[in-house]
Amino acid sequence: MIHHNPFVSLSLSLSVGDITQKGYEKKRGKLLAPYIPQIQGVDPSLQIEHRIQTSSQVAPPGSKQNKPRVANSRDERFRSDLHTEAVQAALAKYKERKMPMPSKRRSVLVQSSVEACTPPDTSSASEDEGSLRRQGRIASSSPYQAHPSVEHWFNRVIQGSSTSSSASSTSSHPGGRPHHATNATSASAATVLADLMAHTQLDNHSAPPDVTGLSERSVHAERPQVASMRGLPRRYTHTSIMETADGVPVNSRVSSKIQQLLNTLKRPKRPPLREFFVDDFEELLDVQHPDPNQPKPEGGEMRPLSGEPLGVVTNWPPSLMASLQRWGTTQPKSPCLTALDNAGKPVYTLTYGKLWTRSQKLSYTLLNKLSTRNEPLLRPGDRVALVFPNNDPVMFMVAFYGCLLAELVPVPIEVPLTRKDAGSQQVGFLLGSCGVTLALTTDACQKGLPKAQTGEVVTFKGWPRLLWFVTDGKHVVKPPKDWHPPIRDTSNEIAYIEYKTSKEGSTMGITVSHSAMLAHCHALTQACGYTEGEIITNVLDFKRDAGLWHGVLTSVMNRMHVISIPYSLMKVNPLSWIQKVHTYKARVAVVKSRDMHWSLLAQRDQRDISLSSLRMLIVADGANPWSISSCDAFLNVFQARGLRPEVICPCASSSEAMTVAIRRPPEMGVPPPGKAVLSMSGLSYGVIRVDTEEKLSVLTVQDVGQVMPGALVCVIQVEGTPYLCRMDEVGEICMSSNSTGISYYGLPGMTKNVFETIPVTSSGAPISDRPFTRTSLLGFIGPDNLVFVVGKMDGLMVVSGRRHNADDVVATALAVEPMKFVYRGRIAVFSVSVLHDERIVVVAEQRPDGSEEDSFQWMSRVLQAIDSIHQVGVYCLALVPANTLPKAPLGGIHITETKQRFLEGALHPCNVLMCPHTCVTNLPKPRQKQPGTGESCVCVCVGWLLFLLNLPRKHSIQSQIVYIYCHLMCLKKNFQGTVANTASCVQLHKRAERVAVALMERGRLNTGDHVALVYPPGIDLIATFYGCLYAGCVPVTVRPPHPQNLTTTLPTVKMIVEVTLISECRTCCLPWPSFTSQSTETLAHPCDQSVLFNKSYVLLYVISRLCFKKKCNLGLSYISAYQHILGSPVYLTVVLLKFVKGISCLRNVNLSCVRTCMVVAEERPRNTLTQSFSKIFKDLGLSSRAVSTTFGCRVNVAICLQGTAGPDPTTVYLDMRALRHDRVRLVERGSPHSLPLMESGKILPGVKVIIANTETKGPLGDSHLGEIWVSSPHNATGYYTVYGEEALHADHFSTRLSFGDTQTVWARTGYLGFLRRTELTDASGERHDALYVVGSLDETLELRGMRYHPIDIETSVIRSHKSIAECAVFTWTNLLVVVVELEGSEQEALDLVALVTNVVLEEHYLIVGVVVVVDPGVIPINSRGEKQRMHLRDGFLADQLDPIYVAYNM
């Protein structure tokens, strides 16, 4: 009688595509609804999970044509019913919150094409093939029940504890408020603000409106459809009307998204920090104080655990070589190793006789037939690289034992496929440090390696130069009959070196001695009960770890027959290892949980297989807590086919300690296995708390058996002194045995820390005189002396003092609707150090059919799930296209290489979500300004009055001009670099007179009328300027509008004319556009203000605005004839850029006559630019003292000037952290957080400078940063205005100190700086006073009570990635906005988001709110090279930048 199973038919319909995943979930829910109790507040469909994993997603291996996997099938390998229910229940408690989506250009939305169909091997989520499994409810129905006394044991070890039961379900946030796993309503969304910026604004500046209180009126804009063509206007259906800081209404989608961002950041995740600032001490990061309610270990101190004694065998061979010789001579026809092809057929069976003879041939050849310059290439003890593919175990085994017979040290490594393989450079570093000069390989592998043009194998990046030797039969020679390899007894000499990749990505070589290798084989033989002639099936990599220990070493010791399953066969037929167990009646199988999972997917049509011959199924990654799900599911399915429950034997191992513990076969009389359900919250604090499966945040772990024979094991604290842990405390497992590795090759410091650890008791006494080896396994010793492992040090992430395991986070992320987004379950989780704490980064491969909005919604749900389950925030979540993450040799994700690409900006994600506001909770405490009236020590510097020219008073202003410039020769260069025209002093005077006559007669202008001079720099401008002075008119110089962009440049001219009440507009001839009468009439309306200067000094300002255009490299050929040069920073920059291209034109240029090259700019001196300019043109004769800086501003165009008579300009180094608090602290060059600052020059004659407080208007000392005030005869007199606003006039041009010298009238420059009295003297012997300009007061950013200068943040951002050409920062509603120009592919745009956020956090302790990536040239820059940040901000808010990508950091 056949019973119909509705679940089987339902799963079959899903696998063949008859129904969708949604329909499958609905029907399954109806079937299981009567049997599942509902969880209050959770959708019933979310509670019901598939209990029996019978769905097949891989075609049966027996069929010739494999059926493709169903497109919407879920990767059941990561399936955990209990964990999925916990995640969905946690998400159901979150209220839906609208968050701003990032904006992308359509070209960025195009994803790279998916590569060829990825086999099941790429469904790995970690470097060790992603063996993440989860124990679900199916464990309760398993015939192999959990240990009955686990919970009782945990309660017993906590003596007298009354909190053991309550603490199991209680955890705490770092802020100290309790978080109940069963009540997640108190958990806020993962996108809340950790610490909102301070709201302090500078005086005399209009503060932008704080839109955080406008959430009720905000309109959420829909995601725009980006125009397909550049330059087209973007139109959106929904916009919100906001105002800029100047009160200008803006209709933009950007404003809506900022509003949404602020709504998500309104409520802090933790209480606000206490605000304080200590004046004279370093800024300190906020230290996270431990939560007083967090669980603490309460059990007694553990005792070291000893394994059973290592048995004594009378006929045990003295070494592994002796064992090989014994079997090779006495049992030559006994099979040793059987290799399979990709079809699963035996290709070659290596007997022990063949292994012995071929190893002898190879050892003789290596020692006697390889030579250089008549000297042997190799000597005993030399290291040799073994480069063999994973499908050729026979050649590897021969090469390995051949090296051992020749007393060489084999170093097995992976085959490098390309010159840029993941981790290949670090492997090359290992080979170089080991002194490897020879690499052994097969003929087929050698032909597949990349070749150079000479036909030789290329030298891979970071690798030493290697000689490649093929070990096939025709390349080795038969040794003479009288030659015998030395078979010595075991010793402490190095036998082989096994490579290991650390958490940081470095590759280290672990040395294993001959004695340790023999002792390990002895211990494995005793623990596993190996006997001679047994058949073992090995699915693991035979070059390292358990695959090497069981399949190459211990098998030869016991004359076992190994059936090696290649990785390529597992990709085609995941059931192949089970078929070989059935065919060969294998007694032992060595697998990983991923192999058990793959076999579950392909077992449906295999009815004729039996696993009854197995006495031991060794799960090599049983130490991974998530492997228990695959073990239980495998047992549930294959128990009907002869698999006994006690056969499954998980083990724990590490590269340093080798095998640590393994579950014994049942015939050895060991206690039954154990299972523990632990609180994740307790584990994050390093304590063990038993939980029930009804809780949300639980981790189910299985034991890994007993300690290895002859070993001594203890658990020590992870950090600091290696104290023994308490019995209910999680720590690092340490092992003392003769079978562990002995060192890291060439790294004595790390060797001492890892291989020579001495655990101590709480009193400080060592527990043993034997050194212990750290295993990198985190766990504890449970009941019946069973070893439990909860994680690894490589996956440990310590965030704010709490421990989190990367595999646990992966499992949580995969529980959030993985079938829609994650490609093949490929997720990488790692931590990066940002601002002195670890931050969690999640990178997942996105399915090709995933949409933008769905992906963003999935990322948001992942953030919420991780925050609820693990009580930790995710710093960055990135989605990359399918098949783009770097792969490990066996198909898993190469975690360290992925992390390296993330930090270097080479990951190229297609979606990024940064959440620094949630994660960064250790920002420096905000500054609270202390009230004060000023400083007692006042710093005032006065320039020396040097009257070099005693002009007769009878001369008029016209004659003074001619007298001063009597040696002036004006030139004008055309675009080809030739002289277009010149003007002597007399010619200039005559032309100026003609202009004056034309103004008075034809223009009928009166004295004092305003005249606009719309000229490019040149002789016409100078002559017309003087002509206006001759006529008594006021010249107003106006930059001509650009002929190709009149729409944007003409309104500027119109505005100037309106402001200054122009009476006449004089223009030049073509190619500059002249104005018609109609255009001149439009410039008529009076408006606001202009600046008036003293006529006698405006000449210097006009000359200083001269600049050289176009052919700057050719321009050097004619400026070399002059002694004094004035130029802007833009000029120097363009000259530097053009120099390399035009260097051939400068061979005959001599700049030795140039005495002064002054850079005119209204900003901080660019010392890097000036130093580079001096250095690059040093060979052309330019003196290093010639290039200097000047400082002038709107109220006084000439305050400082670095002359040749003065001393060399000095450069000081300031502490940037003190500078944020308006303090000047000098530090040494190269100090951390140091800022180089070059002086702006010597104060000019007749100029007085004082540093004043911007708020109190009191004088400041030389250790304080303040506003530069200037008093001189040539100060500007005020703003030209028609409204008579005397307040502005008095405040900026005629202000007085609040105390001290209250009589002197000063002008406020609007720039921050400080004065420093130096001991240097100039040529006249006078003391030199230096003025240092830090930046503009208008552009400073006041965040968290501290003052930041944009140029400092921009310098850090530009340095963070090579593709950032320019950067500008500004604030909007207390959010820091960073705009970067991308000089590269648009696919790199999303890489910049994380790098920009990281560098600003690290160097400036600020959280970036918005990152905008734009094209080169978008950031507006004026003629002096200064960034127009306010114009950029207005363009951003009006959505006029056409950005490549806009990221809103949550």
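All heavy atoms count here, side chains included; hydrogens, waters and symmetry mates do not. These numbers come from a predicted model, not from an experiment.
H550 and Y530 have perpendicular rings, their planes meeting at more than 60° on a 0 to 90° scale where under 30° would count as parallel. Note: W577 and F634 have parallel aromatic rings, judged against thresholds of 30 and 60 degrees for the angle between ring planes.
Judged purely by atom type and a 3.5 angstrom limit, S323 uses its side chain to pair as donor or acceptor with the backbone of V556. S654 places a side-chain N or O within 3.5 Å of a backbone atom of T775 that can act as its donor or acceptor partner. A distance-only check finds a donor-acceptor pair linking the side chain of N538 to the backbone of L540 [under 3.5 Å]. Between the side chain of H520 and the backbone N or O of S739 there is no donor-acceptor pair closer than 3.5 Å. Not one N or O on the side chain of W598 forms a donor-acceptor pair closer than 3.5 Å with the backbone of L575.
Using a 4.5 Å heavy-atom threshold, the side chains of F396 and L548 count as touching. Counting heavy atoms from C-beta on, the side chains of R663 and V704 never come closer than 4.5 Å. Looking only at side-chain heavy atoms (C-beta outward), M596 and V619 come within less than 4.5 Å of each other. At a threshold of 4.5 Å between non-hydrogen side-chain atoms, the residues V588 and C528 do not count as touching. Proximity of L340 to K580: side-chain heavy atoms (C-beta onward) are separated by under 4.5 Å at one or more points. By the 4.5 Å heavy-atom criterion applied to side chains, L778 and V789 are not counted as neighbours. The side-chain heavy atoms of Q702 and P673, taken from C-beta on, include no pair separated by under 4.5 Å. Two residues are said to be in side-chain contact when any heavy atoms from C-beta on lie closer than 4.5 Å; S564 and L337 meet this criterion.
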- [ ] Kindly indicate, with the supporting measurements, whether the criterion side-chain contact (heavy atoms from CB on, under 4.5 Å) is fulfilled by L678 and V701.
- [x] CA-CA 8 Å; L678 307 178; V701 294; 4.0 Å; yes

Task: Worked check of salt bridge (Lys or Arg N to Asp or Glu O under 4.0 Å) between E534 and R615 - done: CA-CA 11 Å; E534 274 193 321; R615 69 172 183 85; 2.7 Å; yes

TODO: Evaluate the side-chain contact (heavy atoms from CB on, under 4.5 Å) criterion for residues Q579 and Y584: first the C-alpha distance (whole Å), next the side-chain angles of each, then the deciding distance (0.1 Å), finally the verdict.
DONE: CA-CA 9 Å; Q579 294 172 347; Y584 288 91; over 6 Å; no

- [ ] Report the C-alpha distance between R664 and E308 in whole Å, list the side-chain angles of each, state the deciding distance to 0.1 Å, and finish with yes or no for salt bridge (Lys or Arg N to Asp or Glu O under 4.0 Å).
- [x] CA-CA 12 Å; R664 306 293 196 267; E308 67 266 26; 3.1 Å; yes

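K543 pairs by the salt bridge (charged side-chain N to carboxylate O under 4.0 Å, His left out) definition with E414, D541, not counting sequence neighbours. Applying the side-chain contact (heavy atoms from CB on, under 4.5 Å) test to T349 and every residue at least two apart in sequence or in another chain returns P335, T338, H561.
Of the N and O atoms on the side chains of R559 and S334, at least one donor lies less than 3.5 Å from an acceptor on the other residue. In this model, a donor atom of one side chain and an acceptor atom of the other lie less than 3.5 Å apart for T525 and N558. When only modelled atom types and interatomic distance are considered, Q706 and D784 share no side-chain donor-acceptor pair under 3.5 Å. At a cut-off of 3.5 Å, with distance as the only test, no side-chain donor of S627 or D621 sits close to an acceptor on the other residue.
Closest non-hydrogen pair, S737 versus A711, comes out as CB-CB, 3.9 Å. Contact detail for M616 and C649: the closest heavy-atom pair is CG-SG, 3.7 Å. Residue S613 comes nearest to V581 through the heavy atom pair OG-O, 3.8 Å, listed as atom of the first residue, atom of the second, then distance. Scanning both residues, V790 and N805, for their nearest heavy atoms gives O-ND2, 3.8 Å. Of all heavy-atom pairs spanning T554 and W549, the tightest one is OG1-O, 2.7 Å.
When the options I733, I662, D703 are evaluated for a side-chain contact (heavy atoms from CB on, under 4.5 Å) with V787, the one that passes is I733.
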